[in-house]
2 protein chains.
Amino acid sequence: MSRPTVAGVARAAGVSVASVSRVLNGLPATEEMVGRVQRAVEELGYVPDARARSLKVGRTFQLTLAVADVGNPVYVTMMRAVEEVVSAAGYRLVVTTTGPDVADEVALVRGMARGYADGLVISPLRVDDDLIKSIRECDVPVVVAGNVPASAGVDTIRANSPKGMLLAVEHLLQKGRRRIAFLNGPRDTVPGTARAKGFAEAMKANGLRPVAEVEAADFTFAAGREAGRELLSGLGAGSNRADARGVAPGDRGRAGVAGGPAAKRRRSAPDAVIAANDLLAVGLMHELAAVGLEVPRDVAVVGMDDSELAEQSFPPLTSVNLGSAERGRRAAELLLARIDDDTRTPRRIVVQPTLSVRRSTP
Amino acid sequence: MSRPTVAGVARAAGVSVASVSRVLNGLPATEEMVGRVQRAVEELGYVPDARARSLKVGRTFQLTLAVADVGNPVYVTMMRAVEEVVSAAGYRLVVTTTGPDVADEVALVRGMARGYADGLVISPLRVDDDLIKSIRECDVPVVVAGNVPASAGVDTIRANSPKGMLLAVEHLLQKGRRRIAFLNGPRDTVPGTARAKGFAEAMKANGLRPVAEVEAADFTFAAGREAGRELLSGLGAGSNRADARGVAPGDRGRAGVAGGPAAKRRRSAPDAVIAANDLLAVGLMHELAAVGLEVPRDVAVVGMDDSELAEQSFPPLTSVNLGSAERGRRAAELLLARIDDDTRTPRRIVVQPTLSVRRSTP
DNA sequence: ATGAAAGCGCTAACAA
DNA sequence: TTGTTAGCGCTTTCAT
């Protein structure tokens, strides 16, 4: 025997399907009616079909969160925040992965028109006109957690990368580090662009010139290692190494400050690296260890995202908190608000960063 | 104007709705018919409604993967594997989080009857009769990635924890470590039970008695730190510290280690710890560092799951690979097979572990 | 307060 | 090959 339907329940209860539906939806009915229906429901183990219901009422009570890579811990933070808000509002949250290609993102947004969910929060890694077009044409509300032009006319919530970079640079400066290098992710991504720009500005504002800049192939640990290797091999980074254990714990071992023939080399060796996210930073730290450089003594490292990984890494990673939790929360709120009223003018919210100082900086 | 439907397309193309449906589903039609329909579809930007379609055909072409905690990197591995298999089979994968309570899991399984997806892979943290009952009664196929009794009559795929523990213990033994402690997760969970049992057996088989056993409140980093602290404070673990370079900078001054009945302490101080998963292991390593113990010199650490975190941690973590990727892959295959044929007898697959040796063991 | 019936958008008989 | 039509399971008028 197949799954019971309203009709089955109605038959079992000896009432009409309309009455069953009413009782199920808490609309007015007599005590007795409620009792009969509930008994029948119980007895048959009836569970209403969400597809049929949503076909009729035009809503699924599901919301989708689309992220590029479930392995990136920043999305974990965001997911948790989104989940909390949407479930409090009575929605189910489903998470899907897009992968790194913009084509996948476009396909996902287009697919939303099929009625899988009542709304979408998307955190796109790459953005192009196709994607913006698909978002604008999407029948269900979309909130972008990331940077898209205002002309797109869509609700967005984004981080303030330049400000975050400023926080990182100034923190390092305050700790006496001036030979700052930058380990970026792919520059053709939204965060990659924003962070490159932010880094350049922050350095300039402080009268500094970057010691080195490398671009990882992805925002992943593996890519971070590889790019870290490149960063270290291209420069005389090894010259930072303090003379091993002869150095007292308090001494930050700024070897090479004194002049000498190695001046040129020394000049180009970073005493600090800012990484565009925590995964890259951790990958870099592995490479630093591999060539015998100690963090933070020889090289200070600052990550971005302040994800769970920053806390878990060793040494714990100083990281720019770009407000992933708040972005997630507010993205969800924006989405709920737009579902509620589709005519409101699109909002563009910027979340301000803070710096979580840990032991990877002196 | 609202979203176009088959009727709209049919009108625009001057054909019947049935013809539209046929063309869309690739059923035989004349060149001209295909052309007309496709033109109309293009023009109107028509996208078929998945809800209506699935209401009619009885399938959603979506599969659900339910995990307890998106922050646990072992699920990342599993997710990736499941995703790969199901998307190759033409299904969308949606991921949902259950949280740690069995009630949430039961609610999720019951909810599947509402038709959200054509199948479910669930990796339950806690299992009780209610959950098993709900799985057995579930109208859509369910595959359990975890340990449920054979009597449940459900497809399962699980790890071989005892074997994994044996691998860990024997590896440590081979490296000359005999004072082995165990950092478990909550024992009222499926993995917690399995690993406690496995650890006890593995130790016994090698004629060893555990130096200490502690139970973390959750399978999380924070709980790992806390339980790690407990483990270290309850024992004279600090006595392991090689004298080496004097006092390390991170030394938190383990007062009371010197003097007193050191012999007793030393006997009970572990020279190796096996943690029930990677997050716990990493949490522990932070606590070890905090009391000035070096890994692996003073204490060797073995994690379980061989997740991305094992590779990312510092030092990289030796970890028992319980086959999360393979479990994910085969769980997905099992699910697809059952969707294909609901009458096949339930299979119970056990995946064999391997050991990924890294630098946290000597 | 309850019941009969229309219809959400689609597919699959069945008819032509 | 194409069109007509009956539902999939549900909610919601509109009568009663």
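Numbers restart at 1 for each chain; the letters A, B, ... are given by sequence-line order, proteins then strands.
- In this structure, T5(B) reaches the sugar-phosphate backbone alone: every heavy-atom distance under 4.0 Å involves primed, P, OP1 or OP2 atoms, never a base.
- Using a 4.0 Å heavy-atom criterion, one finds that R22(B) contacts the bases of the nucleic acid, with or without backbone contacts as well.
- The shortest distance between the side-chain N/O atoms of S16(A) and the OP1/OP2 oxygens of dT2(C) is not below 4.0 Å.
- Across D342(A), D341(A), D340(A), a single residue satisfies salt bridge (charged side-chain N to carboxylate O under 4.0 Å, His left out) together with R338(A), and that is D342(A).
- In this structure, R3(B) atom CZ and dG9(C) atom P are separated by 8 Å, rounded to whole Å.
- Separating the CZ atom of R11(A) from the C1' atom of dG3(C) is a distance of 16 Å, rounded to the nearest angstrom.
- The closest donor-acceptor contact from the side chain of D139(B) to the backbone of A113(B) lies at 3.5 Å or more, if one exists at all.
- Which of dA12(C), dG3(C), dT11(D) sits closest to the side chain of R53(A) comes down to dT11(D).
- With dT11(D), dT5(D), dC10(D) as the choices, the nucleotide that has an atom nearest any side-chain atom of N25(A) turns out to be dT11(D).
- Atom CZ of R51(B) and atom C1' of dG7(D) are 18 Å apart (whole Å).
- Base engagement by A18(B) is indicated by at least one non-hydrogen atom pair under 4.0 Å involving a base atom.
- dC8(D) atom P lies 18 Å from atom CG of D49(B), rounded to whole Å.
- R59(B) has its CZ atom 16 Å from the C1' atom of dA12(C), to the nearest Å.
- For the pair L44(A) CG and dG9(D) P, the interatomic distance rounds to 14 Å; values are reported in whole Å.
- Contact of K56(A) with dG9(D) (side chain to base): no donor-acceptor pair of N or O atoms is detected under 3.5 Å.
- When the nearest nucleotides of DNA chain D are assigned to L55(B) and E32(B) by heavy-atom distance, the more 5′-ward of the two goes with E32(B).
- Two residues, V15(B) and A52(B), neighbour DNA chain D, and the one matched to the more 5' nucleotide by heavy-atom proximity is V15(B).
- Contact annotation: S54(B) does not reach the phosphate of dC10(C) (side-chain N/O to OP1 or OP2, under 4.0 Å).
- Counting atom types as modelled, R114(A) pairs no side-chain N or O with a base atom of dG9(C) as donor and acceptor under 3.5 Å.
- Both P28(A) and L24(B) sit near DNA chain C, but only P28(A) has its closest nucleotide nearer the 5' end.
- One N or O on the side chain of N25(A) and one on the backbone of S21(A) form a donor-acceptor pair closer than 3.5 Å.
- Both the sub-6.0 Å distance and the 45° axial angle are not jointly satisfied by R92(B) relative to the ring of F61(B).
- Taking the side chain of M33(B) as heavy atoms from C-beta on, and the options dT12(D), dT2(D), dG9(C), the nearest nucleotide is dT2(D).
- Under 4.0 Å is where a charged nitrogen must lie from a carboxylate oxygen, and between D49(A) and R53(A) no such pair does.
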